[in-house]
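In what follows, a structure is listed as structure tokens, so that the remarks can point back to it.
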Amino acid sequence: MVRIAVGSDERTELTDFVVDELRRRGHDVELFGPLAGEDVEWAEVGKRVAEAVARGHCDEGILFCWTGTGVCIVANKVPGIRAALCVDAETARGARRWNHANVLVMSLRLTSIPVAQEILEAWFSTPYGTDEFDLRNIRKVEEIERKYFSPEA
């Protein structure tokens with residue numbers, strides 16, 4: 001069972017569908033922001049979900065905001081997070097394989113329920129890539145992260 005942090009700056013039909021779908025798949029879901037009845041804005045929701053994943057409290061995260069861009073930017077500020085804004089299943093597959101993404105981000109404005117279903121299927125069925133190309137680039141991302149997030153930076 002995967003523990004997934006899910007947050008949004010507003011509760012919508014799309015967020016309800018995704019939460020229900022995650023539970024249907026047997027995942028343990030922890031809600032943040034308006035999904036948990038909290039009145040917080042997108043920057044705070046992005047931070048809380050990313051911190052839950054980075055600290056190991058949750059295995060992965062899913063975030064939403066109107067465009068998806070804001071929460072994606074915030075989540076990627078947290079060391080250890082590789083958040084990916086995915087608008088289709090192929091982008092989700094690539095984010096998992098090549099980028100080892102651990103936070104999925106979707107736009108409330110652009111994502112229909114059928115597309116969200118396809119994105120979730122791609123996300124959960126695609127493992128992290130293990131080719132040397134994939135691993136070399138993930139090591140480079142981690143090196144960059146250490147440079148800018150180290151105490152001496």
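- Summarising the geometry, atom CZ belonging to R25 is positioned 15.5 Å from atom CE belonging to M1; distances are rounded to the nearest 0.5 Å.
- At least one side-chain heavy atom of R11 sits less than 4.5 Å from a side-chain heavy atom of L35.
- Judged by the 6.0 Å and 45° rule, R96 forms a cation-pi pair with W123.
- A continuous path of hydrophobic side-chain contacts links L120 to V2 [ILVMFWY only; heavy atoms under 4.5 Å].
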Apply side-chain contact (heavy atoms from CB on, under 4.5 Å) to residues F64 and T111 and explain how you reach the verdict. CA-CA 10 Å; F64 303 87; T111 311; over 6 Å; no
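- Summarising the geometry, atom CZ belonging to F133 is positioned 9.0 Å from atom CZ belonging to R97; distances are rounded to the nearest 0.5 Å.
- Looking only at side-chain heavy atoms (C-beta outward), V40 and R48 come within less than 4.5 Å of each other.
- In plain terms, the two heavy atoms of A122 and R93 that are nearest each other are CB-NH1, 3.3 Å.
- Clustering ILVMFWY residues whenever any of their side-chain heavy atoms sit less than 4.5 angstrom apart, transitively, puts F17 in the very cluster that holds L31.
- Here the side chains of V87 and S107 are not in contact, with every heavy-atom distance at 4.5 Å or above.
- Nearest heavy-atom pair, I62 versus M106, reported as atom, atom and distance to 0.1 Å: CG2-CE, 4.1 Å.
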Could you walk me through whether F32 and K47 pass the side-chain contact (heavy atoms from CB on, under 4.5 Å) check? CA-CA 10 Å; F32 293 83; K47 179 182 83 96; over 6 Å; no
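- Contact detail for D9 and E41: the closest heavy-atom pair is CB-C, 4.2 Å.
- Using a cut-off of 4.0 Å between Lys/Arg side-chain N and Asp/Glu carboxylate O, R3 and E60 are scored as not salt-bridged.
- Cluster annotation: I119 and I4 are assigned to the same hydrophobic cluster (Ile/Leu/Val/Met/Phe/Trp/Tyr, side-chain heavy-atom contacts under 4.5 Å, transitive).
- A salt bridge links R24 with E21: the closest approach of a Lys/Arg side-chain nitrogen to an acidic carboxylate oxygen falls below 4.0 angstrom.
- Both V19 and V115 are assigned to one and the same hydrophobic cluster, defined by single-linkage of ILVMFWY side chains at heavy-atom distances under 4.5 Å.
- Across E145 and V78, no two heavy atoms sit closer than the pair OE2-O, 4.2 Å.
- Atom CZ of R139 sits in a crowded spot, with more than 12 heavy atoms from other residues, nucleotides or ligands closer than 6.0 Å.
- Rounded to the nearest 0.5 Å, atoms CG (L104) and CG (L85) are 9.0 Å apart.
- Under the 4.5 Å side-chain criterion, counting only non-hydrogen atoms from C-beta, V18 is not in contact with T15.
- Residues V6 and L22 have side chains in contact (heavy-atom distance under 4.5 Å, counting atoms from C-beta outward).
- In summary, the side chains of H57 and E30 do present a donor paired with an acceptor at a separation below 3.5 Å, with no hydrogens or angles considered.
- Counting all heavy atoms, side chain and backbone alike, P34 lies closest to S8 at CD-O, 2.8 Å.
- Nearest heavy atom pair, residue L63 against residue A75, reads CD1-CB, 3.9 Å.
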Run the numbers on V141 and I144 for side-chain contact (heavy atoms from CB on, under 4.5 Å), then give the verdict. CA-CA 5 Å; V141 169; I144 292 166; 5.6 Å; no
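- Note that CG of D131 is 11.0 Å distant from CG of N137, once rounded to the nearest 0.5 Å.
- Summarising the geometry, atom CD belonging to E118 is positioned 12.5 Å from atom CD1 belonging to I113; distances are rounded to the nearest 0.5 Å.
- The line from CH2 of W42 to CG of L108 is 13.5 Å long, rounded to the nearest 0.5 Å.
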Applying side-chain contact (heavy atoms from CB on, under 4.5 Å) to R82 and N99, what does each step give before you reach the verdict? CA-CA 7 Å; R82 289 178 302 280; N99 311 129; 5.6 Å; no
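- Using modelled atom types, one side-chain atom of H100 and one backbone atom of G129 make a donor-acceptor pair closer than 3.5 Å.
- Sparse packing is recorded around CD of E13, with 12 or fewer heavy atoms of other residues, nucleotides or ligands lying under 6.0 Å away.
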